[in-house]
Enquirer: 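First, the structure itself, so that you have it in front of you.
Lettering of chains follows the sequences in order, A, B, ..., and the numbering in each one begins at 1.
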Number of protein chains: 2
Amino acid sequence: MKHFSELTPSAERIVDAAENLIKAVGYNGFSYEGISQAVGIRKPSVHHHFPSKTELGAVVAQRYTHRFKESLVRIEGVFAKPEERLIAFAKLFETTYANDRNLCVCGMLGAENDSLPNEVVTEVRKFFQVTLGWLEAVISEAKSKGALKADSSPKILAITFLSAMEGAMLVGRSLQSQEGPEMVAHALIESMTPEH
Amino acid sequence: MKHFSELTPSAERIVDAAENLIKAVGYNGFSYEGISQAVGIRKPSVHHHFPSKTELGAVVAQRYTHRFKESLVRIEGVFAKPEERLIAFAKLFETTYANDRNLCVCGMLGAENDSLPNEVVTEVRKFFQVTLGWLEAVISEAKSKGALKADSSPKILAITFLSAMEGAMLVGRSLQSQEGPEMVAHALIESMTPEH
DNA sequence: GTCTATACTTGGATAGAC
DNA sequence: GTCTATCCAAGTATAGAC
C-alpha cells in the first residue's frame, strides 16, 4: 500500500481534505465528490492519486496515527511529570474537538468499523494499540510515583482514560456542547489524585 | 412525525432491523436494501411503512430512547443503592456490546451527527439529555451518601461516566476486544470509591 | 401490505485527450 | 496532473397492479 511519506503535494491536499471530512462525517459520509470540491479539482483527478476509496481511507488513518505518535513524543519532550503528560494528551483531543466539534479520525472510524474495508480496520486498530501502549506507560509511572491512585491495572486505566476521551467528543457533539474531552480528563484525573 | 407506539407489526419488524443495522454499521451504513433483506420483504414495502430514511431513523432513535428510559426506571425498582444503579446502568451497555460488539444506537448516531437529518439529530440529543439527567441524580445521591468521592460536580461526573461507556464500546470494537463498558465502569467506580 | 417495474440521483471508478 | 465523457452499481424513492 501507498505510504503517506511519499505523497505528492496534490495527494497531500487530498489526504488533508479526506481527513477533515472523516472527522466531520466519517468514512461512509464522505465521497470523492466532496474531496473534489474541497480541493478544487475534479473527481477523476482524485482517483488519479487514490484509485480506490479504501486506499485513501487507509492512508488517512496511517498518517493520522503517525502524526499522533509525533505528538506523543513531543509531549514527552515538554512535560516530565506523568500527570502533566496526561493533561497534554487530553489537549490533543480537545484541540480537534474545539475545531467545529470534530471527532478523532480513528474514533470516528472505530465507530464505523463494521462497515469499513479491512485495510482501514487494520490501520485503525494500530492507532488504538499505539495510543493505549503510551497511556499505559504514563499511567504506570504516575501510579508508581504515587501521583495517581486507583486499584485497576495501568492497562485497564489506559482503556478507561482513552474511552472517556473518545466518548467525550461523541457525547459533546450530540449535545452540541462546548465542553469536550479536556473537561472530562480533568474530572477523571482529579478523581484519581490522592489527597494532599 | 410518526410515533413508535403506533407501529403495525410489519413496521415494528422494520424498526427492529433498522435498529440492529444502526448499531452495527450506522445510519450512513445501512440502506433500504439491507432492511429489505433482514425483514424478508421488498424495498418498496419498506417505503410503504417509512416513506423516507429520515423518518425511519428518527423513529428508531425515539423508540430506543423510550426503551432506555424504561430500563432506567426498572433499575430504580430493582436497586436501591446508587452504586448498584451505576453498575446496572453499565450493564445495559455491556449487553448491547456483548451482542456482536454492537454500539449504542445513539452513540453511533452521535458520531455521525454532522451527516444526519435534523429530525434524527433532535432525537439523539434527547437521548443524551435524558440519560445524563438520570445519571446526574444517581451520582448526586451517591456523593451525598458518601458512597462516591470526587470533587467534580454530579453533572460533570455524569458526562464523564457516560462518555466512558460510549467510548469503551468504540475502543473495544476497534481493538476487537471482548472487554467493553462494564470493565471500564468498574475501573471508574472503583477509583471514585472512598477507602473503607 | 406487498409486489414488479421504474425513475432519478449519487457514488465509485475507468478511458482517453490535453 | 488534470480534464471531459462515460460506465455501472447502489441508494432513495414513486407509480400502479394485486
Side-chain angles (χ1 to χ4, degrees), chain A residues 1-4 6-22 24-61 108-109 112 114-121, chain B residues 1-4 6-22 24-61 108-109 112 114-121:
Chain A
M1 207 221 346
K2 195 174 301 196
H3 189 263
F4 69 89
E6 297 160 336
L7 299 178
T8 62
S10 298
E12 194 105 34
R13 284 190 297 147
I14 290 168
V15 175
D16 290 343
E19 178 174 321
N20 287 328
L21 283 167
I22 290 174
V25 297
Y27 183 87
N28 292 323
F30 91 87
S31 68
Y32 273 72
E33 179 59 29
I35 304 280
S36 156
Q37 284 173 19
V39 176
I41 58 179
R42 296 297 197 162
K43 264 203 296 180
S45 308
V46 182
H47 278 284
H48 171 74
H49 296 281
F50 295 94
S52 76
K53 193 180 177 181
T54 294
E55 195 180 337
L56 176 52
V59 171
V60 168
M108 177 65 90
L109 294 176
E112 293 179 296
D114 286 12
S115 57
L116 256 34
N118 284 328
E119 292 90 324
V120 181
V121 170
Chain B
M1 208 217 349
K2 194 174 303 197
H3 189 263
F4 69 90
E6 297 160 336
L7 299 179
T8 63
S10 298
E12 194 106 33
R13 284 190 298 147
I14 289 168
V15 176
D16 291 343
E19 179 174 321
N20 288 328
L21 283 167
I22 289 174
V25 297
Y27 183 87
N28 293 322
F30 91 87
S31 68
Y32 272 72
E33 179 60 27
I35 304 279
S36 157
Q37 284 173 21
V39 176
I41 59 178
R42 296 296 197 162
K43 269 200 291 181
S45 308
V46 182
H47 277 285
H48 171 73
H49 296 283
F50 296 94
S52 77
K53 192 180 177 181
T54 295
E55 195 180 339
L56 176 51
V59 171
V60 168
M108 177 65 91
L109 294 175
E112 292 179 296
D114 286 12
S115 57
L116 256 34
N118 284 329
E119 292 91 324
V120 181
V121 169

Enquirer: Determine whether Val59(A) and His3(A) make a side-chain contact, defined as any pair of heavy atoms from C-beta on separated by less than 4.5 Å.
Expert: no

Enquirer: For DNA chain D, note the earliest and the latest nucleotide, 5' to 3', having some atom under 4.0 Å of a heavy atom belonging to chain B.
Expert: dG11(D) to dA15(D)

Enquirer: For Asn28(B) and dG11(C), what is the distance between atoms CG and C1' respectively, to the nearest whole Å?
Expert: 13 Å

Enquirer: Using whole Å, what does the distance between atom P of nucleotide dG12(C) and atom CD1 of Ile14(A) come to?
Expert: 14 Å

Enquirer: Under 4.0 Å, heavy atoms only, any strand: does Ser45(A) hit a base, just the sugar-phosphate, or nothing?
Expert: base

Enquirer: Of all residues at least two apart in sequence or in a different chain, which pass the salt bridge (charged side-chain N to carboxylate O under 4.0 Å, His left out) check with Glu19(A)?
Expert: Lys23(A), Arg63(A)

Enquirer: Does any N or O in the side chain of Glu112(A) come within less than 3.5 Å of the main-chain N or O of Asn28(A), such that one atom is a donor and the other an acceptor?
Expert: yes

Enquirer: I'd like to check the salt bridge (charged side-chain N to carboxylate O under 4.0 Å, His left out) partners of Glu33(A); sequence neighbours left out, ordered by chain and number.
Expert: none

Enquirer: Classify the nucleic acid contact of Ser31(B) as base, sugar-phosphate or nothing, counting any heavy atom under 4.0 Å across all strands shown.
Expert: sugar-phosphate

Enquirer: Rounded off to whole Å, could you give me the OH-to-C1' distance for the Tyr27(A) and dG11(C) pair?
Expert: 12 Å

Enquirer: Check the distance between dT9(C)'s C1' and Lys43(B)'s NZ and give it to me in whole angstrom.
Expert: 12 Å

Enquirer: Please name the pair of heavy atoms, one in Asp114(B) and one in Ala24(A), separated by the smallest distance, quoted to 0.1 Å.
Expert: CB-O, 3.3 Å

Enquirer: Answer with base, sugar-phosphate or nothing: what part of the nucleic acid does Phe50(A) contact at a heavy-atom distance below 4.0 Å?
Expert: nothing

Enquirer: How long is the span from the OG atom in Ser45(B) to the CZ atom in Phe50(B), to the nearest 0.5 Å?
Expert: 13.0 Å

